[in-house]
Structure formats: structure tokens, C-alpha cells
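The structure appears right after this line, and notes come after that.
These numbers come from the heavy atoms of this one structure, side chains and all, not from hydrogens, waters or symmetry mates. Residue numbers count from 1 along this sequence.
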Amino acid sequence: MNIEILTLADSVQQYDGKLVIVGTFNDITAPEIPHVVPDLVVVCKVEFQKDEAGKHTLELNIINSQTQEAVITPIKAETPPLESQGEFVYLNFVTNINNALFKTAGLYNVVMKIDDVEKITHLRINKQ
């Protein structure tokens with residue numbers, strides 16, 4: 001398994017297995033802290049080997065890198081049974097997080113865990 005893409009975006013469209021990702025970012029400049037982000041889209045694309053067909057568990061979390069405090073309740077899901085379609089099977093996981101509260105400025109870890117594989121991208125909240 002290979003997590004090919006893990007990014008934050010303004011919006012995402014999906015069609016025919018394709019992702020159209022608009023406005024990917026890793027920094028937010030906030031006029032005030034604490035700061036509520038009204039809409040935050042997390043995009044993940046995973047490549048599975050054909051022998052990894054079947055169900056998989058996913059968990060998404062956003063954690064303050066200094067305090068280890070979670071920003072959101074972890075989002076947990078299970079994939080539908082993935083069927084082999086040749087050498088590889090691809091899965092797009094897109095989730096919208098509404099009104100995420102960032103209590104302090106600083107670095108946050110966006111953590112995607114699929115089965116036992118973990119990938120992290122970062123989000124920095126800056127005070128304007």
C-alpha cells in the first residue's frame with residue numbers, strides 16, 4: 001500500500017475516479033487566535049497492490065504538534081471491499097471538516113492512518 005496524496009484543499013471534485021483538487025495549502029493566516037476554519041477538505045489517494053484487495057480501515061485526525069491535543073474527533077471509516085482491477089487498486093478518500101477550531105497558532109499534524117500505515121502532512125496556523 002502506498003498513500004500517494006495527502007493534502008489539504010479548498011475544494012475537490014471527483015469524477016470517473018479522477019480528483020480535481022483546487023487550492024492545496026499548508027498555511028492559514030488567521031486574524032485572531034483561536035481560529036475557526038469553516039471548511040477544510042482533506043484529500044487522500046491510496047494505491048493498493050492487487051493482493052491487498054478487500055476491506056481496509058481508515059482513520060483521520062488533526063493534532064496540535066506541541067500539545068498533542070486533537071482538533072477534531074478522529075474520523076474513522078472502512079473501505080468497501082476493494083476488487084483487483086489489474087496490478088493496482090486505487091482509492092480516493094475525501095472528507096470535509098466543518099468549523100475546525102484551532103486554539104493556538106503553530107504547527108498541526110494531519111494524520112491519515114490506513115490499516116497500520118500512517119502518513120502525515122502539516123498545517124501551520126499563523127497569527128496575522
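Linking Ile, Leu, Val, Met, Phe, Trp and Tyr residues whenever their side-chain heavy atoms come within less than 4.5 Å places Ile3 and Leu58 in a single cluster. At a threshold of 4.5 Å between side-chain heavy atoms, the hydrophobic network of Ile, Leu, Val, Met, Phe, Trp and Tyr places Ile72 and Leu123 in one connected group. Met112 and Ile97 fall within the same hydrophobic cluster, where Ile, Leu, Val, Met, Phe, Trp and Tyr residues are linked whenever their side-chain heavy atoms come under 4.5 Å apart, directly or through other members. The cluster map of Ile, Leu, Val, Met, Phe, Trp and Tyr, joined by side-chain heavy atoms under 4.5 Å apart, puts Leu91 and Met1 in the same cluster. Under a hydrophobic-cluster definition in which Ile, Leu, Val, Met, Phe, Trp and Tyr are linked whenever side-chain heavy atoms come within less than 4.5 Å, directly or via other members, Phe102 and Phe25 are assigned to the same cluster.
Taking 4.5 Å as the limit, every side-chain heavy atom of Ile75 sits out of range of all side-chain heavy atoms of Glu59. Side-chain contact check for Asn2 versus Val46: every heavy-atom pair is 4.5 Å or farther apart. Under the 4.5 Å side-chain criterion, counting only non-hydrogen atoms from C-beta, Leu101 is not in contact with Val71. Annotation: side chain of Asp39 is in contact with side chain of Asn98 (closest heavy-atom distance under 4.5 Å).
Closest approach of Cys44 and Ile114 over heavy atoms only: SG-CD1, 4.3 Å. The minimum heavy-atom distance linking Lys55 with Pro81 is given by the pair CE-CG, 3.8 Å. Residues Tyr108 and Thr104 share a closest heavy-atom pair of OH-O, 2.7 Å. In terms of heavy-atom proximity, Val110 sits nearest to Leu6 at O-CD2, 3.8 Å. Across every non-hydrogen atom of Ala9 and Val22, the tightest pair is CB-O, 3.6 Å.
A distance of 10.0 Å separates CD of Gln128 from CD1 of Ile33, quoted to the nearest 0.5 Å. From Thr29, atom OG1 reaches atom NE2 of His35 across 9.0 Å, with rounding to the nearest 0.5 Å.
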**Request:** Evaluate the criterion side-chain contact (heavy atoms from CB on, under 4.5 Å) for residue pair Lys45 and Leu19; output intermediate values, then yes/no.
**Result:** CA-CA 9 Å; Lys45 179 180 179 184; Leu19 290 169; 4.2 Å; yes

**Asked** Hey, mind stepping through Ile62 and Asn109 against side-chain contact (heavy atoms from CB on, under 4.5 Å) and telling me if it holds?
**Response** CA-CA 6 Å; Ile62 301 175; Asn109 296 329; over 6 Å; no

**Message:** Please determine whether side-chain contact (heavy atoms from CB on, under 4.5 Å) holds for the pair Ile28 and Arg124, giving the CA-CA distance in whole Å, both sets of side-chain angles, and the decisive distance to 0.1 Å.
**Reply:** CA-CA 6 Å; Ile28 293 176; Arg124 181 172 301 283; over 6 Å; no

**Prompt:** Yes or no on ring pair (Phe, Tyr, Trp, His ring centres under 6.0 Å) for Phe88 and Phe48, after CA distance, side-chain angles and deciding distance?
**Reply:** CA-CA 6 Å; Phe88 304 100; Phe48 295 94; over 10 Å; no

**Item:** Leu82 and Tyr90: CA distance, side-chain angles, deciding distance, side-chain contact (heavy atoms from CB on, under 4.5 Å) verdict
**Value:** CA-CA 9 Å; Leu82 301 176; Tyr90 295 92; over 6 Å; no

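Using modelled atom types, one side-chain atom of Asn92 and one backbone atom of Gly17 make a donor-acceptor pair closer than 3.5 Å. With hydrogens and angles disregarded, no donor-acceptor distance shorter than 3.5 Å links the side chain of Thr95 to the backbone of Val42. Between the side chain of Asp16 and the backbone N or O of Lys18 there is no donor-acceptor pair closer than 3.5 Å. Judged purely by atom type and a 3.5 angstrom limit, Lys127 uses its side chain to pair as donor or acceptor with the backbone of Pro31. A side-chain donor-acceptor contact under 3.5 Å links Asp115 to the backbone of Thr57. Panel note: side chain Thr79, backbone His56; a donor-acceptor pair is recorded below 3.5 Å.
Between Glu69 and Lys103 there is a salt bridge, since at least one side-chain N of the basic residue sits less than 4.0 Å from a carboxylate O of the acidic one. A salt bridge is absent between Lys113 and Glu118: the closest approach of a Lys/Arg side-chain nitrogen to an acidic carboxylate oxygen does not fall below 4.0 angstrom.
Atom CD of Gln66 has 12 or fewer heavy atoms from other residues, nucleotides or ligands within 6.0 Å. The number of heavy-atom neighbours closer than 6.0 Å to CD of Glu83, taken from other residues, nucleotides and ligands shown, is 12 or below. A 6.0 Å sphere centred on CD of Glu32 holds no more than 12 heavy atoms belonging to other residues, nucleotides or ligands.
With sequence neighbours excluded, no residue forms a salt bridge (Lys or Arg N to Asp or Glu O under 4.0 Å) with Glu47.
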